[in-house]
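Just so it is clear: chains get the letters A, B, ... in the order the sequence lines come, proteins before strands, and each one is counted from 1. Keep in mind that what you see is a predicted model, and the values were worked out from it rather than measured.
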Amino acid sequence: MLKIYNTLARQKQTFTPIVAGKVSMYVCGMTVYDYCHLGHARVMVVFDMVSRWLRASGYAVTYVRNITDIDDKIIKRANENGQSISELTQYFIDAMNEDAGKLGIIQPDIEPKATAFIGDMIQMIAALIEKGFAYVAKNGDVFYSVNHFAGYGKLSGKSLEDLRAGERVELDSFKKDPMDFVLWKAVKPNEPSWDSPFGGPNGGKGRPGWHIECSAMSAHYLGAQFDIHGGGQDLQFPHHENEIAQSEAAHNHSGQPCKMVNYWMHNGFVRVDNEKMSKSLANFFTIRQVLEKYDAEVVRFFILRAHYRSPLNYSDQHLEDAKLALTRLYTALRGHVVCDIPINWQHPQAVKFKEVMDDDFNTVEAMAILFDLANELNKTKSAETAILLRGLAGILGLLGRDSDAFLQGADAPGELNVEALIVLRNEAKRAKNFAESDRIRKLLADEGIILEDSPQGTSWRRA
RNA sequence: GGCGCGAUAGCAAAGCGGUUAUGCCGCGGCCUGCAAAGCCGUUUAGACCAGUUCGACUCUGGUUCGCGCCUCCA
């Protein structure tokens with residue numbers, strides 16, 4: 001029985017889908033004005049893992065991850081670059097897909113772009129105005145009136161009073177309440193705009209605010225109520241709080257409450273030197289920067305080796321550690337080919353694996369089981385164990401490659417003809433010319449190539 | 001200031017009211033021409049102070065320190 005930590009309830013809860021056997025899941029995706037960094041990688045990997053485990057558990061999953069392709073930063077960046085907005089966003093969408101693919105992320109079932117759902121957003125805003133939850137300000141902006149929504153703050157545990165008392169609330173003369181947030185931004189010079197029926201000095205022309213995008217797109221594909229909503233911890237407030245306010249108010253029928261999401265999931269941050277990795281702190285590493293140095297599977301392994309709700313410190317040392325650990329698993333699998341044999345769920349280790357994954361996706365414990373299996377495999381060389389190890393790891397999107405492909409690296413062996421040197425060395429060894437055989441081994445070692453002798457012959461890998 | 005999270009061995013990171021987490025590193029042994037890999041064994045824990053309990057790393061309270069949200073952020 002799957003248990004999920006629900007941010008809304010502040011505890012683990014047994015997962016019960018709205019429709020038996022089906023799961024509807026929405027995750028806040030990227031704003032595409034730059035390359036994805038490791039924080040984005042974590043969201044993608046974590047919810048990829050979640051969807052994989054749900055599918056492995058027999059659920060038919062509909063996974064929606066949106067793309068925000070209109071917002072202040074995009075407009076600014078496009079203007080700076082002298083590009084059109086769609087040129088800019090398409091470039092970074094392609095880059096994102098490339099990065100995600102390398103990290104072994106299965107593409108979500110639906111990846112809606114905000115600009116394709118302006119109509120849905122306008123409809124939702126109109127409904128909110130009609131029901132008294134939103135108002136058109138003098139400047140043409142449309143705001144959500146937070147004190148009309150009784151549940152405001154229930155996800156983030158904040159109260160309107162506390163929020164208003166906060167130091168950083170900016171005063172905006174067009175708002176009725178400083179906590180009101182924008183649903184529709186009136187058009188400004190050099191900004192793209194869409195027609196709307198909201199009126200105001202610009203005849204309603206404008207563009208949507210950020211929060212309404214997700215409310216509209218999730219409702220479009222998953223309906224007024226769905227099972228799981230995910231995202232980074234930083235989206236809890238205000239983004240997800242505002243989504244709830246919008247969706248639950250807009251879908252209220254004659255005062256009947258309509259719960260938007262049953263399970264809210266938030267992944268922890270990636271940190272650098274114990275601080276959150278973020279654009280504003282300028283301490284971020286892009287996925288492609290990291291992939292220049294480390295194998296993508298190592299990065300995926302690194303992310304899944306921490307619990308999804310815990311903070312994850314990034315450093316070269318930690319990536320090196322992850323690389324060595326993953327090397328251990330692949331080393332154990334050497335000689336066992338990749339195959340597609342189904343998992344034996346009766347096996348005690350598979351039972352344990354299911355148990356820990358069902359406990360709020362405890363990939364850390366799941367990994368420990370993989371290492372136990374590797375140990376068993378090293379001792380027994382049992383093909384059954386190898387199949388199980390590959391199968392269980394495969395659910396996490398790991399160990400899908402041939403061992404040598406991982407251990408030797410995908411790139412060409414460089415200038416040295418490793419196989420030929422191994423032959424020469426073995427000849428020297430047979431002649432008991434150990435000085436020569438050690439010279440050859442040293443030669444290769446200096447190039448980062450490690451030789452390993454075994455009864456089956458000599459194999460090599462990269463350090 | 002308000003709200004919330006965390007503190008585990010050299011590093012990373014989980015579970016658990018009593019029984020080996022796991023990975024990397026270190027040490028000893030086996031194996032090896034020597035290595036590497038692997039196997040066996042092994043040293044390092046639970047910020048601090050109280051309390052509950054037969055028993056606490058695990059529960060409760062306090063202290064200290066760190067982090068996050070309250071502004072765009074995954």
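- At whole-Å resolution of the value, CG in A:L281 and C1' in B:rC69 are 14 Å apart.
- Using atom P as the reference point in both B:rC57 and B:rC48, the two lie 11 Å apart (nearest Å).
- Residue pairs meeting the salt bridge (charged side-chain N to carboxylate O under 4.0 Å, His left out) criterion with at least one member in residues 433-442 of chain A, sequence neighbours excluded: A:E436-A:R439, A:D438-A:R441, A:K442-A:D446.
- Nearest-nucleotide mapping onto RNA chain B: of A:R461 and A:Y5, the residue sitting toward the 5' end is A:Y5.
- Atoms CD (A:E213) and C1' (B:rC72) sit 13 Å apart, rounded to a whole Å.
- Residue A:A332 is the one, among A:A332 and A:M30, whose nearest nucleotide of RNA chain B lies closer to the 5' end (criterion: closest heavy atom).
- Rounded to whole Å, the separation between the P atoms of B:rC25 and B:rC49 comes to 34 Å.
- Residues satisfying the salt bridge (charged side-chain N to carboxylate O under 4.0 Å, His left out) criterion with A:D72, sequence neighbours excluded, are A:K185, A:R207.
- B:rA35 sits 25 Å from B:rU43 when the P atoms are compared, rounded to a whole Å.
- Legend: residues meeting side chain to side chain contact (heavy atoms under 4.5 Å, CB included) with A:N190, ordered by chain and number and at least two apart, are absent.
- Between the side-chain ring of A:F434 and the base of B:rG33, a stacking contact exists by the 5.5 Å and 30° definition.
- Between A:I105 atom CD1 and A:R52 atom CZ the span is 8.5 Å, to the nearest 0.5 Å.
- The interatomic distance linking A:L103 (CG) with B:rA74 (P) rounds to 16 Å, in whole Å.
- With sequence neighbours left out, the side chain to side chain contact (heavy atoms under 4.5 Å, CB included) criterion links A:D360 to A:I4, A:Y5, A:K12, A:H307, A:Y308, A:R309.
- A:R461 places no side-chain N or O within 3.5 Å of a backbone atom of A:I450 that could act as its donor or acceptor partner.
- Remark: A:K323 pairs with no residue by the salt bridge (charged side-chain N to carboxylate O under 4.0 Å, His left out) rule, at least two apart or across chains.
- Under the 4.5 Å side-chain criterion, counting only non-hydrogen atoms from C-beta, A:I212 is not in contact with A:E243.
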Which nucleotides of nucleotides 13-26 of chain B have their base under 4.0 Å from a protein heavy atom (B), which only their sugar-phosphate (S), and which neither (-), written as one string 5' to 3'?
-> SBS-----BSBS--

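- Taken together, the paired segments of RNA chain B that extend over three or more consecutive Watson-Crick or G-U pairs, each closer than 3.5 Å at both contacts, are B:1-7 with B:64-70, B:10-12 with B:22-24, B:26-30 with B:38-42, B:47-51 with B:59-63.
- Note: CG (A:N267) to P (B:rC67) measures 20 Å, nearest angstrom.
- Cation-pi geometry between A:K76 and A:Y33 is not satisfied (NZ or CZ under 6.0 Å from the ring centre, within 45° of the ring normal).
- Within residues 33-52 of chain A, the residues that have a heavy atom under 4.0 Å from RNA chain B are, in order of number, A:H37, A:G39, A:H40, A:V43.
- B:rG15 and B:rC5: their P atoms are spaced 16 Å apart (whole Å).
- Less than 4.0 Å separates RNA chain B from at least one heavy atom of each of the following residues of residues 66-80 of chain A: A:K73.
- What separates CZ of A:F237 from P of B:rG2 is a distance of 17 Å, to the nearest Å.
- Comparing the P positions of B:rG68 and B:rA13 gives a spacing of 16 Å, expressed to the nearest Å.
- Using atom P as the reference point in both B:rG18 and B:rU60, the two lie 15 Å apart (nearest Å).
- Evaluation of the side chain to side chain contact (heavy atoms under 4.5 Å, CB included) rule for A:A116 yields no partner, not counting sequence neighbours.
- A:F353 and A:W345 have tilted rings, their planes meeting at an angle from 30° to 60° on a 0 to 90° scale.
- Between A:H229 and A:Y263, the distance from one ring center to the other does not fall under 6.0 angstrom.
- Every residue was checked against the salt bridge (charged side-chain N to carboxylate O under 4.0 Å, His left out) condition with A:D273, not counting sequence neighbours, and none meets it.
- Contacts of A:R288 classified as salt bridge (charged side-chain N to carboxylate O under 4.0 Å, His left out), with partners at least two apart in sequence or in another chain: A:E98, A:D99.
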